[in-house]
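These numbers come from a predicted model, not from an experiment.
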Amino acid sequence: MKKRTIIIAALLFIVVFYFTYTGKAYQLKDVIKVDEANVTRIEIDTDEGKRVVDDKKEIKQIVHSLAKVEVKKSKELDPKFDQAYWVKIVENRKDAYGLTIYDNDYIKAFSFEDKKQATYTIVKDQKVDVNKLFSTK
């Protein structure tokens, strides 16, 4: 009877831990560690063209907007999408992060430093207008 109680308690702990971990939402700034002051350039590629942002004020606006986006870890390896944005964040003239934003649903983050990649689901109640933020005008 004691052994059975221990097994049930352990399984309950594992289930609670699993759902707590997988359901947790993060802000993108907690996932990608970008020092806003060191960002010297942002490159944005879309189907409509390429846009390079060198202006500190505009860089600050984009980094600040991206930092607030809430995401959850995703197991999706190849998300379906209509519009994709490739964003390269350059810190001190060195590639820091590559982000692929699929519609307004997924973000794939790649760290150039440690060569690691992860996919995140954008929390549905976000008010980020990706088209406006990255317009190539």
Side-chain angles (χ1 to χ4, degrees):
M1 185 67 131
K2 191 175 184 181
K3 187 176 183 179
R4 184 172 150 194
T5 304
I6 291 172
I7 292 173
I8 291 173
L11 289 174
L12 185 61
F13 175 76
I14 291 169
V15 168
V16 169
F17 179 77
Y18 174 78
F19 284 111
T20 301
Y21 176 72
T22 58
K24 186 173 181 175
Y26 304 91
Q27 285 191 326
L28 197 57
K29 69 179 179 184
D30 298 326
V31 176
I32 61 168
K33 307 293 186 196
V34 174
D35 184 0
E36 187 178 301
N38 292 333
V39 176
T40 53
R41 176 185 185 122
I42 296 178
E43 297 175 13
I44 303 159
D45 269 323
T46 68
D47 291 338
E48 289 90 39
K50 184 175 183 171
R51 177 175 177 223
V52 176
V53 180
D54 297 295
D55 179 55
K56 279 291 194 186
K57 185 177 178 184
E58 215 173 332
I59 288 172
K60 183 177 181 179
Q61 176 193 4
I62 292 172
V63 171
H64 186 70
S65 295
L66 285 173
K68 294 188 304 184
V69 174
E70 286 194 30
V71 295
K72 290 183 179 183
K73 191 90 165 147
S74 174
K75 294 180 182 177
E76 187 72 40
L77 297 177
D78 192 22
K80 305 286 185 250
F81 63 93
D82 292 322
Q83 179 72 38
Y85 297 87
W86 167 253
V87 180
K88 183 166 42 170
I89 299 173
V90 180
E91 285 185 330
N92 297 324
R93 304 191 192 321
K94 187 176 179 186
D95 295 346
Y97 285 95
L99 303 175
T100 307
I101 302 173
Y102 299 99
D103 297 324
N104 205 13
D105 298 323
Y106 295 96
I107 295 179
K108 236 180 220 187
F110 177 77
S111 170
F112 285 98
E113 185 177 333
D114 59 12
K115 308 289 188 238
K116 291 187 179 177
Q117 177 176 293
T119 303
Y120 301 92
T121 303
I122 298 173
V123 175
K124 292 294 180 198
D125 60 350
Q126 293 294 293
K127 303 278 191 254
V128 177
D129 185 351
V130 177
N131 291 323
K132 182 179 174 187
L133 186 63
F134 299 134
S135 67
T136 54
K137 296 176 185 173

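- Residues Glu91 and Tyr97 are not in side-chain contact: their nearest non-hydrogen atoms beyond the backbone lie 4.5 Å or more apart.
- Taking NZ of Lys88 as the start and CZ of Phe112 as the end, the distance is 5.5 Å to the nearest 0.5 Å.
- A donor-acceptor pair under 3.5 Å links the side-chain atoms of Asp103 to the main chain of Asp82, judged by distance alone.
- Looking at Lys108, its side chain never comes within 3.5 Å of a backbone N or O of Gly98 through a donor-acceptor pair.
- Note that NZ of Lys50 is 10.5 Å distant from CD1 of Ile44, once rounded to the nearest 0.5 Å.
- Tyr102 forms part of a hydrophobic cluster together with Phe81, Tyr106, judged by ILVMFWY side-chain heavy-atom separations under 4.5 Å.
- In this structure, CG in Asp105 is found 12.5 Å from CD in Gln83, a value given to the nearest 0.5 Å.
- Summarising the geometry, atom NZ belonging to Lys73 is positioned 4.0 Å from atom OH belonging to Tyr120; distances are rounded to the nearest 0.5 Å.
- Summarising the geometry, atom NZ belonging to Lys60 is positioned 5.5 Å from atom CD belonging to Glu36; distances are rounded to the nearest 0.5 Å.
- Within 6.0 Å of atom CD in Glu113, 12 or fewer heavy atoms from other residues, nucleotides or ligands are found, so the atom counts as exposed in its surroundings.
- Linking ILVMFWY side-chain heavy atoms closer than 4.5 Å, directly or via other members, places Val34 and Leu99 in a single hydrophobic cluster.
- Panel note: side chain Thr40, backbone Arg93; a donor-acceptor pair is recorded below 3.5 Å.
- Closest of all the heavy-atom pairs between Lys33 and Lys29 is CD-O, 4.0 Å.
- Cluster partners of Ile8, using a side-chain heavy-atom cutoff of under 4.5 Å among ILVMFWY residues and allowing indirect links: none.
- Of the candidates Ile42, Ile89, Asp55, Val87, Ile62 forms a side chain to side chain contact (heavy atoms under 4.5 Å, CB included) with just one, namely Ile42.
- Hydrophobic clustering keeps Val90 apart from Tyr85 (ILVMFWY residues linked when any side-chain heavy atoms are closer than 4.5 Å, directly or through intermediates).
- Across all non-hydrogen atoms, the minimal contact from Phe110 to Gln117 is CD1-CB, 4.0 Å.
- Expressed to the nearest 0.5 Å, how far CD of Gln61 lies from NZ of Lys56 amounts to 14.5 Å.
- Both Ile101 and Ile59 are assigned to one and the same hydrophobic cluster, defined by single-linkage of ILVMFWY side chains at heavy-atom distances under 4.5 Å.
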